[in-house]
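In the text below, chain A, chain B and the rest are named by the order of the sequence lines, each starting its count at 1.
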Amino acid sequence: MSDHKRLEGDRNDSAPGDEGVNTHEPLSGVKGYAIGLALASLLTAAAFILPGTGLIWAPAIPAALVVLAIAQMGIHLVFFLHITTGSDNQNNIIALAFGVLIVALVVLGSVWIMNHLNHQLMTPADMMRMMR
Amino acid sequence: MSGAAAQVDGQQGARGHDPYALGHGHGGHGDHEATGHGEGGPASKRIITGYGFWIFLLSDIVMFSGFFAAYAVLAGETAGGPGGRELFELPRVAIETALLLLSSFTCGLGSVATERRSVFWTQIWLLITGVLGVAFLVLEVQEFAQMVAEGAGPQRSAFLSAFFALVGCHGLHVGVGILWLGTMMAQLWVKGFRADILRRLLCFNLFWHALDIIWVAVFTIVYLLGSGV
């Protein structure tokens, strides 16, 4: 019981994924999860079905898939993890922003550097041609 | 020093010094009435535990980003072996995705039931979440076994090493999550909704939702882009 009271006291601060803190939040409870499920299903279905239909210009398909995936991650963060809906959860957001920064550095940096190296590197066939 | 002074101040009725409750917008965390400008003392254990676990999850995601980077770099290095186009079966991946998304949803319903302090429904939703997770894992193990049987195991090419490392690491997380889920059901059964059990349930919910977020990246980058649709 005292724990419940303490939760009420924390109205303006929230743990990530916390459900009960933001009682004024419109999208809490089952409704929020149902909307999240519907949106996520929609985006997933789009990602699986759209590329096969020819509705998207073929060279743009990878970009479209990445956009759909990022959108779905946003849906998960908002509706399932309740990360953006608290009234004072700056700490959670800042930690998330830092995580996104590191992930972007690691993934984009690796791809960039390795592609660059691949350009510089000669294949054995090239090497033979140069030596001739 | 100033904290202790502020606390004494608070006990002497800070409202007198602060008639408009400028420093009390939060009503305080913890047991003490807050003083100071929006500080309010240490946050409750639930907030701190959730935040700490959130940081763990982010570091886990950073670890996954390393596997994703390795996969992205090595995706083309098939060494004359089979590539994603020949190996991946999208219908199975679609079913896996649906299972994991549904399990994330039922996990959320479980947290709503926890909020309403209903042991019965929390257990039911946790059980459904676990069953969906096991079904996901069975499909994934089937896929791996099939690939290994076709001679497309992790030792075949750099592409397949990266594939098994990334997707296997996610599968391992799901497996650990299912073990954790079983432990949580047992703890809930024996101990009920104690404060520490509630915190663990919060952390478990976070973990399970995070797994689904990582799977979104896996099915997009590995399967959909890899099969070249």
| field | Side-chain touch I213(B)/L81(A), heavy atoms, less than 4.5 angstrom | value | yes

| query | Rounded to the nearest 0.5 Å, what separation is found between the CD1 atom of I49(A) and the CG atom of L90(B)? | reply | 11.5 Å

| request: Compare every heavy atom of V111(A) with every heavy atom of A72(B), then report the nearest pair and how far apart it is. | output: CB-CG2, 3.7 Å

| remark: Closest non-hydrogen contact found for Y33(A) with S111(B) is OH-OG, 3.1 Å

| message | Is any side-chain heavy atom of S65(B) closer than 4.5 Å to one of I102(A)? | response | no

| field | Spatial distance of atom CD1 (I214(B)) from atom NE2 (H76(A)) [nearest 0.5 Å] | value | 11.5 Å

| What residue, out of G36(A), G99(A), A104(A), A34(A), has the most heavy-atom pairs lying under 4.5 Å from chain B? | A34(A)

| remark: Here the pair of heavy atoms bringing T220(B) nearest to A69(A) is OG1-CB, 3.4 Å

| said: Restricting to non-hydrogen atoms, name the atom on L224(B) and the atom on A47(A) that form the minimum distance, rounded to 0.1 Å. | reply: CD1-O, 3.5 Å

| note | Comparing V216(B), V93(B), T97(B) against chain A, the one with the most heavy-atom pairs below 4.5 Å turns out to be V216(B)

| query | Which of these passes side chain to side chain contact (heavy atoms under 4.5 Å, CB included) with L96(A): I61(B), L58(B), L57(B)? | reply | L58(B)

| query | Could you walk me through whether L37(A) and L102(B) pass the side chain to side chain contact (heavy atoms under 4.5 Å, CB included) check? | reply | CA-CA 8 Å; L37(A) 176 69; L102(B) 268 181; 4.3 Å; yes

| Where does F219(B) contact chain A at under 4.5 Å (heavy atoms): side chain, backbone, both or neither? | side chain

| note | Rounded to the nearest 0.5 Å, the CH2 atom of W208(B) sits from the CZ atom of F80(A) at a distance of 13.5 Å

| How long is the gap from CG on D212(B) to CD on Q72(A), to the nearest 0.5 Å? | 7.0 Å

| query | What pair of heavy atoms forms the shortest contact from S110(A) to V73(B), and how long is it? | reply | O-CG2, 3.8 Å

| said: So does A95(A) get a backbone contact from the side chain of W54(B), meaning a donor-acceptor N/O pair under 3.5 Å? | reply: no

| Closest contact, heavy atoms only, V106(A) versus A69(B) | O-CB, 3.9 Å

| field | Validation row: I55(B), F98(A) side chains within 4.5 angstrom (heavy atoms) | value | no

